[in-house]
There are 2 protein chains.
Amino acid sequence: MARTSGSHAAKTAPRIRAAAIRLFARHGYAAVSMRQIAGEVGVQVGALYNHTADKQSLLLELMEGHLTDLLAACDRADSPDGPVAALEAFVRFHIRYHAERPDEVFIAYMELRNLTPENFARVQTLRRRYEDRLESILRAGIAAGAFRLADARIGTLAIIGMLTGINTWFRAKGRLSLADIEAIYCDMIRQSVGA
Amino acid sequence: MARTSGSHAAKTAPRIRAAAIRLFARHGYAAVSMRQIAGEVGVQVGALYNHTADKQSLLLELMEGHLTDLLAACDRADSPDGPVAALEAFVRFHIRYHAERPDEVFIAYMELRNLTPENFARVQTLRRRYEDRLESILRAGIAAGAFRLADARIGTLAIIGMLTGINTWFRAKGRLSLADIEAIYCDMIRQSVGA
DNA sequence: GTCTATAGATGGATAGAC
DNA sequence: GTCTATCCATCTATAGAC
């Protein structure tokens, strides 16, 4: 959103994004009205349009923001030498990062069909770049003979699916802590690629 | 739907369900109007209400129908002796069954949040019963010392997530056939539980 | 930048004729 | 059972005052 000069501008825009994330994650993009978002922020509907062109742009902004942040964080994270260590580091990074942002994650993979075709393509490009981080690790492991895995691309999709699913059922008050789950997933994934 | 005596009754109800499945899967429950569904079927909006109480009931019907069919098919499928063979049979059954019904599958796990709380509980019960089929296999394998897996419940959720993800990216015209993918997943899942 | 007010479209669901 | 017609609520987005 373009920087504006008024009083609350610097605060309203992020509050709109925060409210939209919460509401879209809870009820779904199509089921949430601009009035509901405005209500959460504490402004009237018309005011929203000072900060976003329309509802679709708001959705795109949330998804692109999430995926851009994810890629940046992934690049900042440690990536140890050796395919097995790198795989474990990726798994732990993914689980922790996603557990901290359940709403953004939920939106980024549930609301794809509510994007216009052009916006969908932009989001898919970012998502693919993230998947490629994992795929590179798997390829390296296969090349080095460290992994027993028939196809790096399918392996990538399988592991990402497994990891992403956590967000659909994990609850902090559940039987196991996130650290427990992280450990179990690390073991399963390491075994799954034959490391 | 109650059986009715008129002319097209026996044909219209299933056509409504088929149209709703297609449209809900493509655009999402909240984004699809009853008018759109009627248009696909070739009737006027008012006619829909001879076959379903309201839009919410239609969604519930689709989900419960899908999950009931899934459970019945799962029970009919061969379940060979021994945890390793049983696990492989489950994986192959799941992949094939789900690949044949992409729209139903998509709805059954994407539209949960559009169910009323009571309907959500009913659907979750059915879903849990399906997951329990896999969980039993994992438990038996752990008990027999055939699997190296720390937790049967987490293992279940991890494997189901991995399998369900296939529907989000698999295309029949893609690089690999479904049989190829089935083989790769069987290997990965068998390895993941340390069999 | 935010407000009120409203345009203009579309939504779910129903009534009553056939 | 299906139709036409319609009620009434709600939606996105905009216009213009402050």
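The figures that follow rest on heavy atoms only: side chains count, while hydrogens, waters and symmetry mates do not. In what follows, chains are A, B, ... by sequence order, proteins preceding strands, each numbered from 1.
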Report summary line: Between NZ of B:Lys11 and C1' of D:dT2 the distance, given in whole Å, is 16 Å
Requested in this report: Report the distance from atom CG of B:Asn114 to atom C1' of C:dG12, rounded to the nearest whole Å.
Outcome: 15 Å
Requested in this report: Check every strand shown and say whether A:Val32 touches a base, only sugar-phosphate, or nothing at a heavy-atom separation below 4.0 Å.
Outcome: sugar-phosphate
Report task. For B:Asp78 and B:Pro80, indicate whether the former's side chain and the latter's backbone hold a donor-acceptor pair under 3.5 Å. Result -> no
Query raised in the report: Which listed nucleotide (C:dG12, C:dT2, D:dT2) is nearest to the side chain of B:Met34?
Result: C:dG12
Requested in this report: Consider the side chain of A:Thr12, meaning its heavy atoms from C-beta on, and name the nucleotide among D:dT2, C:dT2, C:dG11 that approaches it most closely.
Outcome: C:dT2
Report task. Please report, rounded to the nearest Å, how far the C1' atom of D:dT2 is from the CG atom of B:Leu48. Result -> 11 Å
Report summary line: From the candidates C:dT2, C:dG12, D:dT4, the one with an atom nearest any side-chain atom of B:Tyr49 is C:dG12
Query raised in the report: Relative to the ring of B:Phe90, is the ring of B:His94 parallel (under 30°), tilted (30 to 60°) or perpendicular (over 60°)?
Result: tilted
Report summary line: Atom CG of B:Leu58 and atom P of C:dG12 are separated, to the nearest Å, by 11 Å
Query - Whether A:Arg122 side chain and A:Glu118 backbone form a donor-acceptor pair below 3.5 Å - result: no
Report summary line: In whole angstroms, the gap separating C1' of C:dA9 from CG of A:Asp54 amounts to 16 Å
**Report entry** A:Glu131/A:Arg127 salt bridge by N-O under 4.0 Å criterion
**Finding:** no
Query raised in the report: Could you give the CZ-to-P distance, from B:Arg35 to C:dT14, as a whole number of Å?
Result: 13 Å
Taking only N/O atoms, report every protein-nucleotides 16-18 of chain C pair under 3.5 Å with atom names and distance.
none

Query raised in the report: For D:dT4, does either OP1 or OP2 sit under 4.0 Å from a side-chain N or O belonging to B:Gln44?
Result: yes
Requested in this report: Nearest whole angstrom, please: distance from the C1' of C:dT4 to the CG of A:Asn50.
Outcome: 14 Å
Requested in this report: Mark yes or no for whether A:Asp69, through its side chain, and A:His66, through its backbone, hold a donor-acceptor pair below 3.5 Å.
Outcome: no
Query - A:Ser33 side chain near D:dC11 phosphate (N/O to OP1/OP2, under 4.0 Å) - result: yes
Query raised in the report: Does any N or O in the side chain of B:Tyr130 come within less than 3.5 Å of the main-chain N or O of B:Thr68, such that one atom is a donor and the other an acceptor?
Result: no
Query raised in the report: For the pair made of CD1 in B:Ile16 and P in C:dA13, what is the distance, rounded to whole Å?
Result: 13 Å
**Report entry** Lys/Arg cation over aromatic A:Phe24: A:Arg26, 6.0 Å, 45° cone
**Finding:** no
